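What follows is a short report on a single structure.
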Amino acid sequence: MGRPDLVADAHLAEYDDHLQHMIKRNYQDWGDMFSGRAWRVVRFGEPQNAAELQEMSWAEPSSGQILIRVRTAGAGFPDLMMTGGRFPLLGAPPFGLGEEAAGEVVAVPPDSRFSVGDQVMGITGFLEGWGGYADYAYVREHSAILIPEGMTDEQAGGFPIGFRTAYAGLVERAPVQAGQTLLILGAAGSSGATALQLGKALGAMVIAVAGSREKAEFCARFGADHVLNHRTDDLTARIAEITGGRGVDLIYDPVGGDTATTVVKSLARNGRIAVVGLASGAPVALNPMDMMLRNYSAVGVLAIPHADPEAEAAVWSRLADLVEKGAITTPVGQVYGFDEVPRMIAEQSAPRPGKSVVRVLDSSS
Ligand SMILES: NC(=O)c1ccc[n+]([C@@H]2O[C@H](COP(=O)([O-])OP(=O)(O)OC[C@H]3O[C@@H](n4cnc5c(N)ncnc54)[C@H](OP(=O)(O)O)[C@@H]3O)[C@@H](O)[C@H]2O)c1
């Protein structure tokens, strides 16, 4: 995606159609508008070494994308996987970082349902190498919504990935029914804290698992019915106590490893584990014989958009509706400045409670 240089009158004719098209869409100065800085992975390694701030230019978005001036961008464990070369969906560097962002629309393709000036939040084109830790970001048209009234920039920037993943897990892939028992691992983390809220909004009884008193308090504040500490509690005994020996109906698992293996033992008959991630470093180890003998199943969850754009847009409007009703909100944790991105990524190995967010555009700008 290159950007034409508007340097000489002789060249303008070449771009005439383009220019008229842009003017219609209220562009002011596309030379300035699409140039800026972007944090990009230039080599795999430690975040301080792997990520570099580079000068970039952004061409007009093609169909299915919109271009935004980024104000905030949500962060999380995947950033660490990306800089370390452990993110399964991305190839070799260079590529941009930042899966989600919020800001003002500055350019749209002719068939867009958004307009220049709209305030939106959504999932970036990170899988195509264009991330959200940047002055501008391509956002997938059908994985974006207008920022609901009353949401702060930090809440908007940190909303899309966690809640779209929770929706994929708890509505689409392993639907949880009102009254069922839902156990959430990593419940104070980006993925867990959003699943906690969506689970409560869907009427589940939520048991949150977190690793410190501060994180336990955080989970209680976001509505957990019970909070267990995987470092100090006997998880099996405590779950049996809470469920009267029955076990849990669904485990939401962004963590994997030994903790997941332990809680799988507490699945009720016909229970399910939604496999979301591996924040512990390894996915949950499943034993098919055990699954057969105890009648439980495992469901993989990947938050990719529906092939039908209207179906995807409907998911986002349902999420927006839940925000407007006050049923869910971004559990904002630490907020970092734009120049702190490498440090922010390094700190995802031992994150504070809640969703980390990067402020890209200074709030006074
Ligand atoms: N499938 C998808 O579509 C999708 C979408 C988004 C993210 N993900 C994946 O989900 C995973 C989590 O991402 P995230 O952004 O939510 O990470 P995060 O914000 O860092 O949260 C992960 C949480 O896991 C907990 N944890 C780490 N090791 C643990 C262990 N051994 N036992 C118990 N808890 C442990 C930590 O809490 P404590 O300090 O309390 O232990 C932390 O709060 C990643 O693998 C990511 O790639 C998948």
Side-chain angles (χ1 to χ4, degrees), residues 73-90 97-100 123-124 126-127 143 158-174 183-198 207-220 222 224 227-233 235 251-264 273-285 298-305 315 330-334 344-358:
F77 190 78
D79 295 322
L80 199 55
M81 297 172 80
M82 288 180 198
T83 46
R86 290 178 288 120
F87 193 79
L89 302 173
L90 277 172
L97 281 163
E99 297 178 308
E100 56 193 335
I123 295 180
T124 64
F126 72 100
L127 290 177
S143 300
F159 182 89
I161 286 281
F163 280 107
R164 183 62 184 89
T165 308
Y167 193 93
L170 301 180
V171 178
E172 297 174 332
R173 298 284 297 139
L183 182 134
I184 298 176
L185 294 181
S190 312
S191 306
T194 49
L196 193 173
Q197 293 177 64
L198 189 60
I207 304 174
V209 180
S212 68
R213 185 189 292 196
E214 183 192 16
K215 288 185 175 177
E217 283 167 8
F218 179 90
C219 295
F222 281 96
V227 189
L228 307 182
N229 185 327
H230 66 85
R231 293 202 167 86
T232 55
D233 282 329
L235 296 180
I251 296 169
Y252 188 87
D253 176 24
V255 168
D258 291 345
T259 313
T261 306
T262 299
V263 295
V264 161
I273 176 165
V275 179
V276 179
L278 57 154
S280 69
V284 60
V299 182
V301 177
L302 182 63
I304 48 167
V315 170
T330 311
V332 175
Q334 193 147 349
M344 175 282 289
I345 297 173
E347 289 181 3
Q348 297 309 306
S349 61
R352 304 276 315 279
K355 178 81 184 174
S356 299
V357 174
V358 175

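Remember, it's a predicted structure, so these values are computed and weren't measured experimentally. Residue numbers start at 1 and run along the sequence shown. Both ligands and their constituent atoms are indexed starting at 1 by order of listing.
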Shortest protein contact, [atom] (heavy atom only):
atom                    : result
atom 8 (N) of ligand 1  : Val276 O, 3.8 Å
atom 47 (O) of ligand 1 : Met81 SD, 3.4 Å
atom 31 (N) of ligand 1 : Ser280 CB, 3.5 Å
atom 7 (C) of ligand 1  : Ser191 OG, 3.6 Å
atom 15 (O) of ligand 1 : Phe77 N, 3.3 Å
atom 36 (C) of ligand 1 : Lys215 NZ, 4.2 Å
atom 20 (O) of ligand 1 : Pro351 CG, 3.3 Å
atom 40 (O) of ligand 1 : Gly211 N, 2.5 Å

Ignoring hydrogens and geometry, is there a side-chain-to-backbone donor-acceptor pair from [X] to [Y] under 3.5 Å?
X      : Y      : answer
Ser190 : Gly162 : no
Arg173 : Ala168 : no
Asp233 : His230 : no
Thr124 : Gly98  : yes

Practice problem: Could you tell me whether Ala303 and ligand 1 have an N or O pair separated by under 3.5 Å? | Solution: yes

Quiz prompt | Ionic contact status for Glu100 with Lys355, cut-off 4.0 Å | solution = yes

Quiz item: Under a 4.0 Å N-O cut-off, is there an ion pair linking Glu214 with Arg352?
Solution: yes

[X] side, atom [atom1]; [Y] side, atom [atom2] - distance, nearest 0.5 Å:
X      : Y      : atom1 : atom2 : value
Arg164 : Thr194 : CZ    : OG1   : 12.0 Å
Asp79  : Ile345 : CG    : CD1   : 5.0 Å
Asp253 : Ile184 : CG    : CD1   : 11.0 Å
Thr259 : Arg231 : OG1   : CZ    : 8.5 Å

Ligand-residue contact atoms, ligand 1 with [X], heavy atoms, under 4.0 Å:
X      : answer
Gly277 : 9 (C), 10 (O), 11 (C), 45 (O)
Pro78  : 15 (O), 46 (C), 47 (O)
Gly186 : 23 (C), 24 (O), 25 (C)
Leu302 : 1 (N), 3 (O)
Val301 : 1 (N), 2 (C), 3 (O)
Gly189 : 19 (O), 21 (O), 43 (O)
Val255 : 24 (O), 25 (C), 26 (N), 29 (C), 30 (C), 32 (N), 33 (C), 34 (N), 35 (C)
Ala210 : 40 (O)

Quiz item: For the rings on Phe163 and Tyr167, is their centre-to-centre separation under 6.0 Å?
Solution: no

Self-check item: Pick from Pro254, Ala216, Gly169: the one approaching atom 11 (C) of ligand 1 most closely through a non-hydrogen atom
Solution: Pro254

